[in-house]
Visitor: 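Structure in structure tokens, see below.
Everything numeric here is computed off the predicted structure, so don't read it as measured data.
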Amino acid sequence: MKMVLLGTGTSHGIPCIACKCRVCTSNDDHDKRLRCSAYVTNKNDDESVSHLLVDVGPEFRIQAIKNEIMAVDAVLLTHSHADHLHGLDDIRIFSHTLGSDKIEELKKNPENAGIDPKLLAQASGGKGICLYANFNTIGDVKSRFDYIFKENTQIGGGKPKLRLVDCAEIEHKKPEEFGDMTVTPIPMKHGELDTTGWIFSVKKQDGKIHSIAYLTDCSFIPESSLELLKKAGGIIEHCVIDALREKPHSTHFGFRQAMDVAEKLMPRHTWFIHICHLMTHEEIWSYAKEQLKDFPALLKITEEGGSVGPAFDGQVLEL
């Protein structure tokens, strides 16, 4: 299994608009951060490959091209804030509808359709890409992207073909399966807003479950969710977690709060994301190293080859 971090920045991104601070003007590519998103792939035992996208922000098109994303089998949303959702229309390249009751007729005579044959071929077939999210997020998707779900006779570039799935339907005892990979939703709080973390798990040759946890945009993770992470995750190799800045925030973990959660989960690697522009990538590494004295479990893990520090755009995490 492999996770590519498509973006690791907060809602403003880095550099921020109209900002000339030393982080926004840094020449270090690690300090250039698009909005948070991740792409998970897993090669299954039958040689097929599963492709999952976590969040689809306003820069998804750029992220997809840069990282050569050629397939998306499902979209997993954490919540509906713009920096995590507003690239949704670009999903249509992977599954779309032309919105016409004449599709089958056009397919019989594609030379008369005036439409890219590849797009025409994708226009039908199944119910579209599953989009998993919590109840409130699904409501926001329907409201903000209402045109996707309306019946019409438009023939043109098309629109995404989506099947909305409330992640509450996924039973904790039977997580969603994508080939050999299982995916479990993790309830969290982002201030007063309910958000969803995700943990991706596979059984390795040692017979044990190994996982990557993705926990962005949260200021509180209840004990029940921490227990679920431990139970579903088995051995958590990577924990990708919201860590906005040094100073605490009302709706995001700060660095030390993120480390406190990691101290309980004990992943081999802890990666900060949703980072703002107050500290450089290198400064965050130094800060995290200095704070380890207060987190004995994490300190021991780093002494044994693990890590605690900032992630960066394009970083690849593998099991």
Visitor: Checking Q257 side chain against G254 main chain: does a donor-acceptor pair fall under 3.5 Å?
Guide: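 Indeed, once roles are kept as given, a pair shorter than 3.5 Å links the two residues.
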
Visitor: What is the ring orientation for H79 with H190, classed by angle as parallel under 30°, tilted 30 to 60°, or perpendicular over 60°?
Guide: perpendicular

Visitor: Does the pair R22/E283 count as a salt bridge with the N-to-O cut at 4.0 Å?
Guide: yes

Visitor: Tell me whether K142 contacts the main-chain N or O of I148 through its side chain, where contact means a donor paired with an acceptor under 3.5 Å.
Guide: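 Here the side-chain-to-backbone pair does not exist.
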
Visitor: Once rounded to the nearest 0.5 Å, what's the spacing between atom OH of Y39 and atom CG of L52?
Guide: 8.5 Å

Visitor: Taking the side chain from E227 and the backbone from S224, do they hold a donor-acceptor pair closer than 3.5 Å?
Guide: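 Here the side-chain-to-backbone pair does not exist.
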
Visitor: Using only atom types and a distance under 3.5 Å, with no angle test, would you say the side chain of N134 pairs donor to acceptor with the backbone of D194?
Guide: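 Checking the backbone N and O of D194 against the side chain of N134, a donor-acceptor pair under 3.5 Å is found.
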
Visitor: For L215 and G197, work out which heavy atoms get closest and say how close.
Guide: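 Reported closest heavy-atom pair: CD2-CA, 4.1 Å.
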
Visitor: Without swapping roles, check the side chain of S211 against the backbone of A213 for a donor-acceptor pair under 3.5 Å.
Guide: no

Visitor: Establish, from distance only, whether the side-chain atoms of D55 and T78 form a donor-acceptor pair under 3.5 Å.
Guide: yes

Visitor: Quick one: does any side-chain atom of D31 pair with a main-chain N or O of T280 as donor and acceptor, under 3.5 Å?
Guide: no

Visitor: Answer yes or no: is there a donor N or O on one side and an acceptor on the other, between the side chain of S201 and the main chain of A232, under 3.5 Å?
Guide: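 At least one qualifying donor-acceptor pair exists.
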
Visitor: Taking the side chain from D242 and the backbone from T216, do they hold a donor-acceptor pair closer than 3.5 Å?
Guide: no

Visitor: Does the plane of the ring in Y132 sit parallel, tilted or perpendicular to the ring in W198? Use 30° and 60° as the thresholds.
Guide: perpendicular

Visitor: So, does D180 use its side chain to make a donor-acceptor pair with the main chain of D45 at under 3.5 Å?
Guide: yes

Visitor: Can you list every side chain to side chain donor-acceptor pair (under 3.5 Å) pair that touches residues 61-74, not counting sequence neighbours?
Guide: H51-D73

